[in-house]
Amino acid sequence: MSFDNAYESLVEGHEEKHWAFGTGFTHALSGVDRAISSTVDRDDLAAYCLMLGDDALVYAQRLAEWCAKAPELEEDVALANIALDLLGQARMLLSRAGEIQGTDEDALAYLRDSSEFRNVHLAEIDCGPGPGGDFATTMARLLVFSAWRLALLHRLTGSADPVLAAVAAKGVKELTYHRDHAAQWVLRLAGGTDYSRERMVAGLAVVWPHLDELFTAHPIEHRLAEAGVAVDPAELRSEVDSVLDTVLGAAGLTRPDVASVPGGGRGGVHTEAMAPLLAEMQVVARALPGGVW
Amino acid sequence: MVSARQVAEQVLDPELPVLTLADLGVLREVSEVGDRVVVTITPTYSGCPALDEMRSDLHEKLTEAGYRDVEIRTVLHPAWTTDWISDDGLRKLTEHGIAPPSRIGPRAVGPIPLTLEPPKRRVSCPHCGSARTTELSRFGSTACKALRRCEDCREPFEQIKEI
């Protein structure tokens with residue numbers, strides 16, 4: 001058979017059509033052993049995949065908000081590319097979670113409410129282009145988020161779960177240049193004019209209160225870390241601190257002196273920024289339930 | 001009948017149609033039992049939107065060649081690297097005005113180094129061959145490409161970035 005376009009072939013053979021077409025993950029993940037070890041709690045594994053998948057999905061949505069609003073065309077492209085990498089990671093992780101929970105990536109992305117999302121607050125807060133920040137704040141978040149996620153995925157390449165290990169190994173390559181991109185912008189803004197430096201300093205102060213949450217383990221992360229599946233985020237702190245200190249040092253900046261704010265994203269407690277973000281991300285799927293293209 | 005491997009190897013990359021999927025290194029395996037074919041491919045990047053197009057093209061070409069039972073599988077491990085682009089692929093890229101990636105080899109173990117300045121890579125201009133080129137943006141029209149400019153012939157060009 002032949003198809004007029006790629007989308008027809010994707011629908012072909014699927015009884016149900018989807019909002020976003022499948023990654024091929026649930027049907028054809030050969031070469032990666034998808035069996036779950038009997039020592040691993042399936043619900044815990046699904047919840048952990050949701051945590052890491054939601055971090056990527058929600059942050060990708062935030063990055064996409066910059067498209068056509070960045071200070072230069074190249075940056076529109078860069079932020080959209082970074083968002084696409086994270087979206088790819090999210091799809092694989094949500095597919096894995098969905099497979100275990102008997103649902104799919106589309107339902108997980110489009111039909112959950114705020115309290116069902118498990119992402120850290122750093123992924124969801126408004127760092128611009130909305131009123132919550134600007135390009136410098138956005139680069140501050142990109143630096144912290146990618147330094148943290150890179151350290152996490154780097155360790156996760158040794159996970160006892162083969163799917164997590166494979167997703168992590170691929171993600172490490174991507175997070176490496178996300179982190180470099182942010183670091184280079186922090187240096188450029190801090191080393192620019194007094195005004196750009198002031199904005200960079202202010203941007204770091206916006207994201208810094210959310211740092212502690214990144215290193216606070218949820219009980220599920222604890223349990224899975226003991227099983228060799230997950231990474232205890234507390235173990236990432238010294239590596240991430242060292243990367244951030246290196247960048248700040250090279251930029252002639254110091255750590256912002258700001259108090260930490262309570263986290264809770266891993267438990268479904270979110271900031272006031274989350275509902276509007278989801279409203280935009282889910283509007284089409286919610287307005288036209290079951291609609292297909 | 002042409003072998004399934006020969007058919008699959010000739011399918012072009014949807015975003016870099018100067019390369020076949022085999023040149024690009026995303027075609028990992030083709031196995032054939034009777035008229036059943038299983039093709040295994042791997043994505044270049046986690047979010048590569050071309051993957052679905054590749055699946056579709058492979059399916060179509062193999063079906064046209066007479067294979068009635070075609071399955072396209074995706075593998076994630078080991079992760080794709082630009083080192084898997086064939087020598088032929090590197091040559092074709094240059095011929096079509098896209099600077100090829102350098103060979104990077106296996107990454108050293110240990111912490112992943114932070115790069116605070118855009119790396120001063122020696123990338124030759126695919127148009128005039130000059131080595132005096134500069135990176136304009138690490139991100140180009142697709143995830144796998146960076147944008148550069150030649151300081152001698154002044155032409156902008158794309159480069160497949162090493163990953």
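Lettering of chains follows the sequences in order, A, B, ..., and the numbering in each one begins at 1.
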Out of A:Gln89, A:Arg188, A:Lys173, A:Glu74, return the one with the most heavy atom pairs under 4.5 angstrom to chain B.
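Most pairs with chain B among the choices: A:Lys173.
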Residue among A:Glu72, A:His154, A:Glu75 with most heavy-atom pairs under 4.5 Å to chain B
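Most heavy-atom pairs under 4.5 Å with chain B: A:His154.
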Under a 3.5 Å threshold, yes or no: a donor from one side chain and an acceptor from the other, between [X] and [Y]?
X        : Y        : value
B:Arg55  : B:Thr74  : yes
B:Ser141 : B:Glu158 : yes
B:Arg73  : B:Thr40  : no
A:Asp85  : A:Tyr177 : yes

Portion of [X] that has a non-hydrogen atom of chain B nearer than 4.5 angstrom:
X        : value
A:Leu84  : both
A:Val172 : side chain
A:Ala78  : both
A:Leu86  : neither

Can you name the nearest heavy-atom pair linking B:Lys161 to B:Thr82, along with the distance?
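Minimum heavy-atom separation between B:Lys161 and B:Thr82: O-CG2, 3.3 Å.
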Taking all non-hydrogen atoms of both residues into account, name the closest pair between B:Pro78 and B:Thr42 and its distance.
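Scanning both residues completely, I find the closest heavy atoms to be O-OG1, 4.2 Å.
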Cation-pi check, B:Arg28 onto B:Trp84 ring (under 6.0 Å, within 45° of axis)
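Pair B:Arg28/B:Trp84 counts as cation-pi.
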Side chains of [X] and [Y]: does their closest heavy-atom pair fall under 4.5 Å?
X        : Y        : value
A:Leu45  : A:Leu164 : yes
B:Pro101 : B:Leu90  : yes
A:Val40  : A:Asp161 : no

Contact residues of residues 234-242 of chain A (partner chain B; heavy-atom separation under 4.5 angstrom):
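Residues in range: none.
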Only heavy atoms, only distances under 4.5 angstrom. Which residues in residues 54-62 of chain A are near chain B?
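Residues of residues 54-62 of chain A touching chain B at under 4.5 Å: none.
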Chain A contact via B:Pro113 - side chain, backbone, both or neither, heavy atoms under 4.5 Å
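Contact with chain A: backbone only.
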Does a side-chain N-to-carboxylate-O contact under 4.0 Å join A:Arg96 and A:Glu99?
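Salt bridge between A:Arg96 and A:Glu99, a charged N being under 4.0 Å from a carboxylate O: yes.
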Selection from B:Ala79, B:Ser46, B:Gly47, B:Ala143 maximising heavy-atom pairs under 4.5 Å formed with chain A:
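Among B:Ala79, B:Ser46, B:Gly47, B:Ala143, the one with the most close pairs to chain A is B:Ser46.
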With a 6.0 Å cut-off (strictly less than), is the heavy-atom count around CZ of B:Arg154, excluding the residue itself, greater than 12?
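Count over threshold, so yes.
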Ring-plane angle category for A:Phe135 and A:Trp185, please: parallel below 30°, perpendicular beyond 60°, tilted otherwise.
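Perpendicular, since the angle between the ring planes exceeds 60°.
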